[in-house]
Number of protein chains: 4
Amino acid sequence: MTETKEHIPAYQRRKADRPVEILQAALEEFHAHGYAGAKPDRIAKRAGVSRSTLYLYFDNKDALFEAVAEKAMGTFVDEIAESTISFTGTTEELVRQLLERFYDMILTTKNSAMMRILIAEGPSRPELVRRYHALVIRKGHVALEKIVARGIERGEVRKSAATTVPQLLIAPALFFLIHKMVFGDLEELEVESYLTAHLDMLFNGIGVKMRA
Amino acid sequence: MTETKEHIPAYQRRKADRPVEILQAALEEFHAHGYAGAKPDRIAKRAGVSRSTLYLYFDNKDALFEAVAEKAMGTFVDEIAESTISFTGTTEELVRQLLERFYDMILTTKNSAMMRILIAEGPSRPELVRRYHALVIRKGHVALEKIVARGIERGEVRKSAATTVPQLLIAPALFFLIHKMVFGDLEELEVESYLTAHLDMLFNGIGVKMRA
Amino acid sequence: MTETKEHIPAYQRRKADRPVEILQAALEEFHAHGYAGAKPDRIAKRAGVSRSTLYLYFDNKDALFEAVAEKAMGTFVDEIAESTISFTGTTEELVRQLLERFYDMILTTKNSAMMRILIAEGPSRPELVRRYHALVIRKGHVALEKIVARGIERGEVRKSAATTVPQLLIAPALFFLIHKMVFGDLEELEVESYLTAHLDMLFNGIGVKMRA
Amino acid sequence: MTETKEHIPAYQRRKADRPVEILQAALEEFHAHGYAGAKPDRIAKRAGVSRSTLYLYFDNKDALFEAVAEKAMGTFVDEIAESTISFTGTTEELVRQLLERFYDMILTTKNSAMMRILIAEGPSRPELVRRYHALVIRKGHVALEKIVARGIERGEVRKSAATTVPQLLIAPALFFLIHKMVFGDLEELEVESYLTAHLDMLFNGIGVKMRA
DNA sequence: AATGAATGAGTGTTCATTCAT
DNA sequence: AATGAATGAACACTCATTCAT
């Protein structure tokens, strides 16, 4: 059935590209306007197709949204989880590497879009929240736990109240993400010094240590 | 608490109560559904009035939203800023007190509603973002800076990379807020141990200190 | 006079005045905005009473409108009809007098309000049109016919095609009325010279008469 | 023509027809109910489309109204203005021709619709009034002035009070228009005899001329 | 007699979606 | 595969009207 219609105009866009383009356009739209505020009209325009074409690939706005969410719940966590396993350096180096990638991801926006969507639409989409939790949060938690355990084993990390809540490792990064997302236009947090401060606090705390 | 009150006849209720009830109902609705998803219909029902009564007190959905936001941009920051001035104990005690109040506020939900609204509607409401930034973020930042400066002065806080970014003091609390807001139904973070861990990390860091 | 009266306390005002004031206010409102565009709210304000008071005197907007119309279908025609009977001067004097009063009435606006209402609302109010026709148009027609007949009898008016349509006597005045009503703000027709011209055309025509 | 067309499926009809059909339907609706009373619902039904299709072609009710008005402020005046220039007969013939066309136009209803709209909506649409005045009234005035001047030049028209107000030439026709519009259902003015009478009065007046 | 508070029915308009081509 | 044209259902909002006082 591919050969029958060979009278396609000069620009030959591949059929397979369409869904990808639409998903990308939709992610941007959902990020910018939230679910309810997102207009198929605009998604179509962004994707360079007609409004009706959207419905050729996705049953409806909701299905499109789910597809977008699915795609965005990406591979990030898996990647860092894997890279942790083979890491051979110190915990500080490991965490620094992890956080560098994390802040980098934040600045790449795509996943922050997902975060916004999740926060905004969560209450009306428990299933989406459940999936995200299973695919991202839980896995992330496990990965962080491993890092901490490894650190303790290696004598680089204190076994303490702080280390019972491994999320604290990345909590400041979420703050950074939210801040950038909401107040980014008004006041930019400089990522490098923020990261430095983050690591400093993480490893050394802010308190003055008095040791004999 | 979303119950629909109905039994007291309209004419017996006092006019002055109306805006308060409506604002409360609207806050809940905006929190639950975001701006676009919020239906005047439901707000009215929640407030125990008819749809048109809403418009007796607020010009339109937008005005209602602004009023809700205004009200929620509460006095919290001012209160803690003030209480810091007169504090006489150690920095650790001061920060503990601050965070206890902060986590308490989070669990009181109202302000987390505001946070969700801000994250979700921010892109389409720069003015709201600007006001929140001026009223809450900026003031909060100043208050945190003072705490850090006071700590350094008193020799309780290290002058370090970490202390150049005073937001780090409360960053983990925002993580807690977001987590509770989005994943609260799936996995509860126990506030007391989280707070303990937060403080531990904040003051001591997670790293093993080796001093001579 | 469209001022909103306010200073006299309600209890001092006489009950009997209320309907009159309301009708006056309603006439102005209907004149200014048409039936559909007229708002009970504004009528009440103009009349210096509360919205609900309107409904104390008139069942609903429609009834109020009918009452206004009724009142405006005034006595004007009857008056001029009567004054014609007793007139003893020439036809030209009679017609001049009639038209002077007619133009005067036009400039007093109240009846032009009625005309506007009739034109605008006529299609949806056949009954109103019927009543106006019976009370004003028909009577006016009869009065004009009498004037013409009297003129012919007295040898002051030609029996001609023109005199078979007695409405022609006042037709130019309606033009004046409409013009003032619609374009009055843009281009004022000076009433005195218009009246002079009207009478001149009426009695002499514009044509050059060539008689042997 | 108020019939609702239904049988031709929407997709078979041609896009170009839509605005024309809608405008026609809207003219009828505005004519029948005034601006405020006109319901998009009914316009759509009259035009044989769905309510939302209206908004595909016109931004809103107001824009639709303006388009209707624009279209109705037709070419009539220009046409008669032009035809006057080349006319070679007597003034009486010229005026008769003009009036015949004028009365014919009146009976064709479309422009009388415009007149009703103008009278009814004028107060709340000064801009519309201004445009109509510029496009129709002013031009008409100039055209009438030319006719009178030509008549005087040719010795067929008296230079007199009457001829200083050229609107008097068509004033009786406006009376006819209004009468037909408002009272047409109750009492028909027979156009031919009315026109004859109109011309008679115009040229000869109603007065008895006594010349030596 | 008069009104402040409230509302149900309806308004113009938008939106996600469909359908014949 | 892709679309221009069209629409039903829902939306935020207004309005004439009611009702207990």
Q: Side-chain contact test, heavy atoms from C-beta onward, threshold under 4.5 Å: evaluate it for B/Asp59 versus B/Leu64 and give yes or no.
A: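 No, their side chains stay 4.5 Å or more apart.
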Q | Any side-chain heavy-atom pair of D/Phe65 and D/Glu121 under 4.5 Å | A | yes
With respect to the side chain of [X], which nucleotide from [options] is positioned closest?
X       : options               : value
D/Arg18 : E/dT13, F/dA6, E/dC15 : F/dA6
D/Lys39 : E/dT11, E/dT3, F/dT3  : E/dT11
A/Leu56 : F/dA1, F/dT7, F/dT17  : F/dA1
A/Lys61 : E/dA16, F/dC15, F/dA5 : E/dA16

Q | Worked verdict on D/Leu128 versus D/Met73 for side-chain contact (heavy atoms from CB on, under 4.5 Å) | A | CA-CA 10 Å; D/Leu128 174 65; D/Met73 276 182 222; 3.4 Å; yes
(Q) Under 3.5 Å for both donor-acceptor distances, Watson-Crick or wobble: does E/dA2 have a partner, and if so which one? (A)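 E/dA2 is paired, partner F/dT21.
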Q: Report the base-pairing partner of F/dT7 (Watson-Crick or G-U wobble, both distances below 3.5 angstrom), or none.
A: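 The base-pairing partner of F/dT7, which may sit in any strand shown, is E/dA16.
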Q: Flag this pair as yes if the NZ/CZ of A/Lys61 is under 6.0 angstrom from the six-membered ring centre of A/Tyr35 and inside a 45 degree cone about the axis; otherwise no.
A: yes
Q) If only side-chain N and O atoms of D/Tyr57 are considered, is one of them under 4.0 Å from the OP1 or OP2 phosphate oxygen of F/dA5? A)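 For F/dA5, neither OP1 nor OP2 has a side-chain N or O of D/Tyr57 closer than 4.0 Å.
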Q: Would you please confirm or rule out a distance under 4.0 Å between OP1 or OP2 of F/dT3 and any side-chain N or O of A/Tyr55?
A: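 Negative; the distance criterion is not met.
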Q | Straight-line distance of B/Asp62 CG to B/Arg125 CZ, nearest 0.5 Å | A | 4.0 Å
Within the structure shown, what part of the strands sits under 4.0 Å from [X] by heavy-atom distance: base, sugar-phosphate, or nothing?
X       : result
C/Ala63 : nothing
A/Ala44 : nothing
C/Asn60 : sugar-phosphate
B/Leu54 : nothing

Q: Could you say whether D/Thr53 or B/Pro40 is positioned toward the 5' end of DNA chain F, judged by the nucleotide with the nearest heavy atom to each?
A: D/Thr53
Q) 5'-most contact on DNA chain E: B/Ser50 or D/Ala36, nearest heavy atom basis? A)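 Going by which nucleotide is closer to the 5' end, it is B/Ser50.
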Q.
Closest-nucleotide mapping onto DNA chain E: is D/Asp41 or A/Ser52 further toward the 5' terminus? I mean the 5' end.
A.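 Counting from the 5' end, the first nearest nucleotide belongs to D/Asp41.
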Q.
Would the base of E/dT7 count as contacting B/Arg51 through its side chain, where contact means a donor and an acceptor less than 3.5 Å apart?
A. no
Q.
Rounding to an integer number of Å, can you tell me how far C/Phe65 CZ sits from F/dT17 P?
A. 14 Å
